[in-house]
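One structure is given below, represented as structure tokens, and several questions about it will come after.
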Amino acid sequence: VTHSITVKNNPIKIKEIQIRNLPDKNEYMVGDSLDTKGLEVVGIDTYGTEILLDKDQYTCSPTSLRTPGTKKITVKYKQDEKLKATFYVTVKKPTYETEIVNYPKTEYKVGDKLKLTGLRVKLQYTSGPSNGQILYFNLNDMRTNPVNGTQLNETGTVDVTMTSNNGENLGILEVNVLPKTKTVTKIEISKKPR
């Protein structure tokens, strides 16, 4: 007696995904890209069996880390994007040092206007993807407080804070405001004989 049996390949139905192992790297600098080395994602089928997924079976987003803070990374199963898992990474601001390389006028008299023409600041990154990179900022590449052209009405030291147009703190320029010197004019009064 011969019987024909048809065996159908029953596709595995993933009902949930989970992260079994977090990536090796969980701290980044602004501008870095997500590194998924060490990440293990498993799919859990309808029988509760864990199946290790290949990297091409899921996506991670975001992969470009542009702002500082704690970032939520979402892992989606490509065959059913409603199936998601998440993990978190920390993104830090890169560190840098600044130095004023060209000073504008720093001595004023009360009533003068702040004149920052010629101001130039050097910024050098000391960490992050731009480590070692040097940038230069001129007056039109930054915001100052007080702004260029502000009338200086009080004597003493004025701290001019400098911020790049991208938001980097470029430091403080100190300017001195001196009292106005009084000029004494000699007036001669002569008596005319009557």
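Just so it is clear, the values below take in all heavy atoms, side chains as well, and ignore hydrogens, waters and symmetry mates.
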Side-chain heavy atoms nearer than 4.5 Å, only ILVMFWY residues, links allowed to pass through others: does that put V158 and L114 together?
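Yes; L114 is reachable from V158 via cluster members.
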
Side chains of V110 and E154: does their closest heavy-atom pair fall under 4.5 Å?
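No. Closest side-chain heavy atoms not under 4.5 Å.
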
For residues V41 and L83: do they belong to one hydrophobic cluster (side chain heavy atoms under 4.5 Å, members Ile, Leu, Val, Met, Phe, Trp, Tyr)?
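Same hydrophobic cluster.
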
In a check of side-chain contact (heavy atoms from CB on, under 4.5 Å) between L170 and each of V121, T161, T163, T144, which one passes?
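Answer to the side-chain contact (heavy atoms from CB on, under 4.5 Å) test with L170 among V121, T161, T163, T144: V121.
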
What do the steps show when you test D141 against Y136 for side-chain contact (heavy atoms from CB on, under 4.5 Å), and what is the final call?
CA-CA 9 Å; D141 305 319; Y136 289 94; over 6 Å; no

Value rounded to 0.5 Å, distance of CG in L34 from OG1 in T63
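Going from CG on L34 over to OG1 on T63, the span is 7.0 Å.
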
Would you mind reporting whether I73 and P62 have side-chain heavy atoms less than 4.5 Å apart?
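Side-chain contact under 4.5 Å: yes.
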
For the OG atom of S61 and the NZ atom of K76, what is their distance to the nearest 0.5 Å?
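NZ of K76 is found 5.5 Å from OG of S61.
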
So V89 and E27, do their side chains get closer than 4.5 Å, heavy atoms only?
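No, side chains not in contact.
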
Joint hydrophobic cluster, L116 plus V101, side-chain heavy atoms closer than 4.5 Å
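No; tracing contacts between hydrophobic side chains, which count when under 4.5 Å, never links both residues.
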
Minimum-distance pair of heavy atoms, taken over all atoms of V75 and C60:
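The pair with the smallest heavy-atom distance is CG2-SG, 4.0 Å.
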
Distance check, rounded to the nearest 0.5 Å: T59 atom OG1 versus K84 atom NZ?
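So the gap between those two atoms works out to 10.0 Å.
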
For I17 and G43, work out which heavy atoms get closest and say how close.
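Closest heavy-atom pair between I17 and G43: CG2-CA, 4.2 Å.
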
Show the nearest heavy-atom pair for residues K113 and G149, with the distance to one decimal.
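Result for this residue pair: CD-O, 3.5 Å.
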
Donor-acceptor pair between Y125 and E168 side chains, under 3.5 angstrom
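Y125 vs E168: donor-acceptor pair found between side chains.
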
Return yes if some donor-acceptor pair links the side-chain N/O of Y96 with the main-chain N/O of S127 below 3.5 Å, else return no.
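Here the side-chain-to-backbone pair does not exist.
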
Go through K15 and D45 one step at a time and tell me if the side-chain contact (heavy atoms from CB on, under 4.5 Å) criterion holds.
CA-CA 5 Å; K15 65 177 179 96; D45 70 10; over 6 Å; no

Are any non-hydrogen side-chain atoms of F87 and L39 less than 4.5 angstrom apart?
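They are in contact (side-chain heavy atoms under 4.5 Å apart), so the answer is yes.
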
Mind listing the closest non-hydrogen atom pair of G132 and Q124 along with its distance?
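Minimum heavy-atom contact is O-NE2, 3.7 Å.
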
Measuring from Q57:CD to L52:CG, what's the distance to the nearest 0.5 Å?
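Those atoms lie 8.5 Å apart.
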
Is any side-chain heavy atom of V30 less than 4.5 Å from a side-chain heavy atom of D32?
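Not touching, per the 4.5 Å side-chain cut-off.
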
Please check if the side chain of D112 supplies one atom and the backbone of Q151 the other of a donor-acceptor pair under 3.5 Å.
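Not at all, since once roles are kept as given, no pair shorter than 3.5 Å links the two residues.
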
Is there side-chain contact between L65 and S33, with at least one heavy-atom pair below 4.5 Å?
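They are not in contact (no side-chain heavy atoms under 4.5 Å apart), so the answer is no.
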
Close side-chain approach of L119 to M142, heavy-atom, < 4.5 Å:
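A side-chain contact exists here, since the closest heavy-atom pair is under 4.5 Å.
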
State the CG-CD distance between L53 and E50, to the nearest 0.5 angstrom.
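Answer rounded to 0.5 Å: 10.0 Å.
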
For the residue pair D159 and I172, what are the closest heavy atoms and their distance?
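For D159 and I172, the tightest heavy-atom pair comes out as CB-CG2, 3.6 Å.
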
Would V91 and T67 count as a side-chain contact (heavy atoms from CB on, under 4.5 Å) here? Give the steps.
CA-CA 7 Å; V91 183; T67 55; over 6 Å; no

Close side-chain approach of N176 and Y108, heavy atoms under 4.5 Å
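No, every pair of side-chain atoms sits at 4.5 Å or beyond.
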
State the CG-CE distance between N145 and M162, to the nearest 0.5 angstrom.
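With rounding to 0.5 Å, CG (N145) is 12.0 Å from CE (M162).
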
Verify the cluster assignment for Y58 and V42: are they in a single hydrophobic cluster under the rule of side-chain heavy atoms below 4.5 Å apart?
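No, Y58 and V42 fall in different hydrophobic clusters.
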
For K55, is the NZ atom crowded, meaning more than 12 foreign heavy atoms sit under 6.0 Å from it?
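Enclosed: over 12 neighbouring heavy atoms sit under 6.0 Å from NZ of K55.
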
Compare every heavy atom of L173 with every heavy atom of P104, then report the nearest pair and how far apart it is.
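Distance-wise, the nearest heavy atoms are CG-CD2, 3.7 Å.
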
Decide whether T90 and T70 meet the rule of one side-chain donor and one side-chain acceptor closer than 3.5 Å.
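Looking only at side-chain atoms, T70 and T90 do not form any donor-acceptor pair under 3.5 Å.
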
Do other residues, nucleotides or ligands put more than 12 heavy atoms under 6.0 Å from the NZ atom of K92?
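Atom NZ in K92 is not crowded, with 12 or fewer foreign heavy atoms closer than 6.0 Å.
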
May I ask whether L135 and M29 are part of the same hydrophobic cluster, defined by side-chain heavy atoms of I, L, V, M, F, W, Y residues being less than 4.5 angstrom apart, directly or through others?
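Different clusters.
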
Yes or no on side-chain contact (heavy atoms from CB on, under 4.5 Å) for E107 and K105, after CA distance, side-chain angles and deciding distance?
CA-CA 6 Å; E107 293 248 332; K105 180 178 175 181; 5.6 Å; no

Strictly distance-based, threshold 3.5 Å: is any side-chain N or O of D54 a donor or acceptor partner for the main-chain N or O of D56?
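Not at all, since once roles are kept as given, no pair shorter than 3.5 Å links the two residues.
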
